[in-house]
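Inspection log for the structure reproduced underneath, given as structure tokens.
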Amino acid sequence: MTPEMENAFAAIRGEYGANSIRRVELMLEPGGGGPRHPLQQGAKWILPGLSPTPWHDPRGHPEPAPVVEALEAAHPAIKEELAAAWSGHREAFSGYEHYLTRQEDWQALYLYRGGGLVEESAGIVPTAYKVLDEFAVRTDKICPLLECHFSTLLPGASIAPHCDLWNFSINLHLAVDIPDGCGITVAGETRSWVEGECLLFDYSFEHEAHNGGDRPRTCLLVDLWHPETTGPERQALTALISEIRRFMGPG
């Protein structure tokens, strides 16, 4: 713990109570997070006390449900604008920079990154940008430590099995343009995207994806706070990870 982290944690405890961020403090202790599911072993941080559920019902939590409903309602316009962006603004897409690697057959168009909206995307994909801003950013449901982007897997591309960094945010997928032959596996359970609908899962569990179709597969990915985290915990986690990145770089 650096002095900056200690000061941030002390301020949160002073405002919300001595035990308000106890789970975050437990996470930082040796063996932090307690016992893990075997398919979470690759994650770096496990906040204890969160339900160890790989797949979530997109409408099963009151907090993310409005984001899900708004994205699904806007899907026709989002798909149309994505197609125009892919054909007319290909330079806005880039090889996805996953923390493990960079994949050129996994293209990304970012709407939110580095703790803020990517304003250049507002004119390219305005509907998705507006929905994200109104329902996830302004409501503080998006995890500012991560991002939102259109995720495009080219035909034949696959994402190798891996765990992402932590369990205190979860990944929302709006299925924007889905050819036949695509799938995603989380904790050993494979599902297919249904165009116009959302999937929600905990990506601290091992997961992988593939596009066996004949055209690009695109989902809109939004990193949301896990709905079982509290406001004080989110403040503490943001301060913690931001300070770690300041010293060590992203990761």
Side-chain angles (χ1 to χ4, degrees), residues 23-24 26-27 31-65 67-68 71-72 96-101 103 105-106 108 136 141-143 145-149 151-153 156-176 178-213 217-229 233-234 237 241 251:
R23 294 196 297 186
V24 179
L26 288 172
M27 184 184 76
R36 298 186 180 196
H37 187 284
L39 291 175
Q40 282 180 306
Q41 295 301 318
K44 190 170 185 178
W45 308 98
I46 295 294
L47 186 69
L50 301 184
S51 301
T53 305
W55 287 103
H56 290 254
D57 178 353
R59 288 178 167 78
H61 302 286
E63 183 176 3
V67 184
V68 171
L71 287 172
E72 290 185 351
Y96 182 59
E97 298 175 15
H98 191 271
Y99 80 98
L100 293 172
T101 186
Q103 279 189 234
D105 58 2
W106 180 4
K141 295 175 183 179
I142 198 166
C143 179
L145 300 165
L146 294 170
E147 60 198 31
C148 169
H149 64 277
S151 171
T152 299
L153 279 184
S158 62
I159 301 169
H162 66 284
C163 297
D164 279 303
L165 289 168
W166 53 63
N167 70 332
F168 44 82
S169 62
I170 54 178
N171 201 212
L172 178 68
H173 285 202
L174 171 67
V176 179
I178 312 296
D180 292 336
C182 295
I184 178 170
T185 301
V186 181
E189 180 182 344
T190 300
R191 298 188 181 185
S192 298
W193 295 277
V194 177
E195 200 165 291
E197 298 182 6
C198 288
L199 292 175
L200 184 65
F201 67 96
D202 179 342
Y203 45 11
S204 67
F205 287 88
E206 185 177 271
H207 56 284
E208 59 185 295
H210 67 274
N211 179 4
R217 179 243 64 178
T218 300
C219 294
L220 179 63
L221 275 55
V222 190
D223 292 305
L224 301 171
W225 284 113
H226 193 294
E228 295 175 9
T229 57
E233 288 172 340
R234 295 175 187 185
L237 291 164
I241 301 302

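Count residues from 1 along the sequence.
Within the 4.5 Å cutoff, the side chain of Leu172 has no heavy atoms near those of the Leu174 side chain. Side-chain contact check for Glu195 versus Val176: every heavy-atom pair is 4.5 Å or farther apart. Looking at heavy atoms from C-beta onward, Pro64 lies in side-chain contact with Pro227 at the 4.5 angstrom threshold. Thr229 is listed as a side-chain neighbour of Leu50, based on a closest heavy-atom distance under 4.5 Å. Looking only at side-chain heavy atoms (C-beta outward), His56 and His226 come within less than 4.5 Å of each other. You'll find the side chain of Ile178 reaches within 4.5 Å of the side chain of Arg217, heavy atoms only. With a 4.5 Å cut-off on side-chain heavy atoms, Trp225 and Leu237 count as touching. At a threshold of 4.5 Å between non-hydrogen side-chain atoms, the residues Phe205 and Cys163 do not count as touching.
Close placement of the Phe201 and His207 rings is indicated, their centers lying within 6.0 Å of each other.
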Kindly determine whether Tyr203 and Asp223 satisfy side chain to side chain donor-acceptor pair (under 3.5 Å), including the steps that lead there.
CA-CA 10 Å; Tyr203 45 11; Asp223 292 305; 2.6 Å; yes
Could you go step by step and tell me if Glu208 and His162 meet the side chain to side chain contact (heavy atoms under 4.5 Å, CB included) rule?
CA-CA 7 Å; Glu208 59 185 295; His162 66 284; 5.9 Å; no
Using side chain to side chain donor-acceptor pair (under 3.5 Å), reason through Ser51 and Glu228 one step at a time and then give a plain yes or no.
CA-CA 8 Å; Ser51 301; Glu228 295 175 9; 2.7 Å; yes
Show the numbers, then the answer: is there a side chain to side chain contact (heavy atoms under 4.5 Å, CB included) between Trp166 and Met27?
CA-CA 11 Å; Trp166 53 63; Met27 184 184 76; over 6 Å; no
Show your working on side chain to side chain contact (heavy atoms under 4.5 Å, CB included) between Leu220 and Leu71 and close with a plain yes or no.
CA-CA 9 Å; Leu220 179 63; Leu71 287 172; 3.8 Å; yes
Yes or no on side chain to side chain contact (heavy atoms under 4.5 Å, CB included) for Cys148 and Leu221, after CA distance, side-chain angles and deciding distance?
CA-CA 5 Å; Cys148 169; Leu221 275 55; over 6 Å; no
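For the residue pair Ser151 / Trp106, a side-chain donor-acceptor distance below 3.5 Å is found, with atom types taken as modelled.
Among Asp202, Leu145, Ile46, Val24, the one residue that satisfies the side chain to side chain contact (heavy atoms under 4.5 Å, CB included) test with Phe168 is Leu145.
Residue pairs that meet the side-chain hydrogen bond (donor to acceptor under 3.5 Å, both in side chains) test with at least one member in residues 31-42, sequence neighbours left out, are Gln40-Ser204.
The CH2 atom of Trp193 sits 8.0 Å away from atom CG of Asn211, with the distance rounded to the nearest 0.5 Å. The distance from atom OG of Ser192 to atom CD1 of Ile184, rounded to the nearest 0.5 Å, is 10.5 Å. Note that the OG atom of Ser158 and the CG atom of Leu153 stand 8.0 Å from one another [nearest 0.5 Å]. One distance of note links CG of Leu199 with CG of Asn171; it measures 10.0 Å at 0.5 Å rounding.
Checked for salt-bridge contact, Lys141 and Glu63 miss the test: no charged N lies under 4.0 Å from a carboxylate O. Taking the charged nitrogens against the carboxylate oxygens, Glu72 and Arg59 do have a contact shorter than 4.0 Å, which makes a salt bridge.
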